[in-house]
K.L.:
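Got a structure for you, questions after.
Everything quoted here is computed from the prediction, not taken from an experiment. Lettering follows sequence order; numbering is per chain, from 1.
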Amino acid sequence: MRWGSGRDPLSRGAEGAVSTHRSSADSFRARPSPAGSSAALQDQRSLVVALGRGEERALEECFRRHAAMVRTYVRHFVPADGVDDVVQMVFLELWRSRARLDPERELEPWLLAVARRRAIDSLRRRHDVVDASALRDLVGDRGEEIAERVVWAMEVRNALGRLPQAQQEAIGLSYYEQLSQREIAERLDVPLGTVKARVARGLARLADELRGSDR
Amino acid sequence: MTPPDDPDPTATPPPPAGPPPPVAPSPERPHPGEHVGPSLPPLLAGELGRTETLQVADHLQTCQECQAALVDIAVGTGALRAAARIEHWLAEPAAAPPSSAPASSAPASSAPAALATRTGEAGTPRQDGEDIAFLPVLREIRRPRARLRAATAAVAAAVLLAGGVLLGRQLPSRRATSGPVVATAALERLAAPAPAGGEVTVVAKGKDRLLVVRTANLPPPPAGDFYEVWLLAPQTDKMLPMGVLPPTGTGSYGIAGSIMQQFSAVDISLQRNNGDPAHSKTSVLRAYY
């Protein structure tokens, strides 16, 4: 079913056609800068350098790109009334640590490591009953492993975002929404062979992208 | 679904470049000898039937090109499945719902659902989205004292809400909406004009759920039209009508928890009063819970 509004996040417009799994799609793809944003901040290295110089717009850009992922991560562990505080603290800490950040390293693992620590603090500070499993999933090796997987999931989303639109769409429906190829063909109203070709080409290219992003 | 397998394709193997076989296979089925790259993703996803699986296997035995393709496709498949798995797991609210909420059971997740243990009304009225949340960070950096003012304002808002009155709008009675809050989400604007918004809260009533919809700044519908509340499953576009939104902009709707959990969004549509019970396709507000 199509929906009437052009603002509808489910509508398949020119952008954002990969998935209707909103929490995933919105949270896990680093958002591109708006058109007016400085080209100098486009790549992550320049962004961290600008942050180190104390440019507030670099912090804004970091927030724009990564806050949704941090929020999704935190929200899983921390009760709703504490999520905002933790997200705020993560980006405050990013700002305060700006001079010590290494521009050669990815920002996402750093952000999630901080988010994990602040989420633990937040849970331990609470006077009401705290979810033991949430704490268990945050601390120790298990917590680190989960944070690592979240970063990996984001890298996969970003790599997917660099594929041609038709391949993104077919792969998104297949792997994030778990439709069969036949169902995808019906939904997109294209021959099954076309879906097969798009997914296969897209996966091969995705593997290339992922190997390329492995630093 | 995969079509039924051919009786026995090995009985009359057509030559690679020869005339079409007597029983033409579907166009997407690989011919023996043809490269099988496009069939590898559905193979790994378990979407192929016996005949096709064995044809692909036969071909892979000897074709180095397709063996190389299999490596790429396995890497891509594994990465995507890992990503989807952790995303679905994270999308489950672990700490948000209260203890009496049923263990979340998103079908896509294999992770054990974390049980939440908070009790009482946890429905924090808040907007979702980094743009809104971003402001306090900058304020903190630019004017450290602003944080105190923001906190004071937040407390004031919470007190107002707890009193049952927000922006002069009467909320449903505490009695009607009391109970553990299972989910809460902001209503985001679709076709509605700014600054329309609001929130939805799902309250557990034993095995049942009470959906409380509170809109804010939603203009009265044009004469003869009305707003209707729906449950929506965005992944399948499945919809369930919950009822008309009262003119106060606030309404409560009871529903069995087992049905509620098949949906993940609340949609408010603008409907014409023309007797057509279907969704008008004009969504004014939507919340993902």
K.L.:
With rounding to the nearest 0.5 Å, note down the distance linking CG in B:L70 to CG in A:L203.
P.N.:
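Between B:L70 CG and A:L203 CG, I get 11.0 Å after rounding to 0.5 Å.
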K.L.:
Identify the heavy atoms of B:P38 and A:A197 that sit nearest to each other, and give their distance.
P.N.:
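So the minimum-distance heavy-atom pair works out to CB-N, 4.4 Å.
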K.L.:
Chain A heavy atoms under 4.5 Å from B:L40: which part of the residue, side chain, backbone, both or neither?
P.N.:
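Nothing of B:L40, per the 4.5 Å heavy-atom cut-off to chain A.
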K.L.:
Measure the spacing between CZ of B:R81 and OH of A:Y175 and express it to the nearest 0.5 Å.
P.N.:
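Spacing of CZ (B:R81) from OH (A:Y175) equals 8.0 Å.
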K.L.:
Hey, are B:E87 and A:R157 close enough for a salt bridge, meaning a charged N less than 4.0 Å from a carboxylate O?
P.N.:
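Answer for the salt bridge query: yes.
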K.L.:
For B:Q67, does the CD atom have more than 12 heavy-atom neighbours from other residues, nucleotides or ligands under 6.0 Å away?
P.N.:
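More than 12 within 6.0 Å, yes.
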K.L.:
For A:D141, what residues pass the side chain to side chain contact (heavy atoms under 4.5 Å, CB included) criterion, not counting sequence neighbours?
P.N.:
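By the side chain to side chain contact (heavy atoms under 4.5 Å, CB included) rule, A:D141 matches no residue at all.
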K.L.:
I need the A:R201 CZ to B:I73 CD1 distance, nearest 0.5 Å.
P.N.:
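Interatomic distance, A:R201 CZ to B:I73 CD1, rounded to 0.5 Å: 11.0 Å.
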K.L.:
Considering residues, nucleotides and ligands other than A:E148, do more than 12 of their heavy atoms fall under 6.0 Å from its CD?
P.N.:
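It does not: A:E148 CD has 12 such atoms or fewer within range.
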K.L.:
More than 12 heavy atoms of other residues, nucleotides or ligands under 6.0 Å from CZ of A:R118: yes or no?
P.N.:
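Enclosed: over 12 neighbouring heavy atoms sit under 6.0 Å from CZ of A:R118.
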K.L.:
In Å and rounded to the nearest 0.5 Å, what is the CD to CG distance from A:Q181 to B:L48?
P.N.:
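So the CD of A:Q181 and the CG of B:L48 are separated by 8.0 Å.
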K.L.:
How close do A:K196 and B:S39 get, counting heavy atoms only, and between which atoms?
P.N.:
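That would be NZ-OG, 3.4 Å.
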K.L.:
Rounded at 0.5 Å granularity, tell me how far CD1 in B:I86 sits from NE2 in A:H76.
P.N.:
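Between atom CD1 of B:I86 and atom NE2 of A:H76 there are 8.0 Å.
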K.L.:
Side chain, backbone, both or neither: which part of B:A82 has an atom under 4.5 Å from a heavy atom of chain A?
P.N.:
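Contact with chain A involves the side chain of B:A82 alone.
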K.L.:
Between A:A200, A:G82, A:S174, who has the most heavy-atom pairs with chain B when the cutoff is under 4.5 Å?
P.N.:
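Max contact count across the listed options: A:A200.
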K.L.:
Within this structure, what is the CZ-CG distance for the pair A:R75 and B:L90, rounded to the nearest 0.5 Å?
P.N.:
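So the CZ of A:R75 and the CG of B:L90 are separated by 10.0 Å.
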K.L.:
Count the heavy-atom pairs under 4.5 Å between each of A:V156, A:T194, A:L206 and chain B, then report the option with the highest count.
P.N.:
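If we count pairs closer than 4.5 Å to chain B, A:V156 comes out on top.
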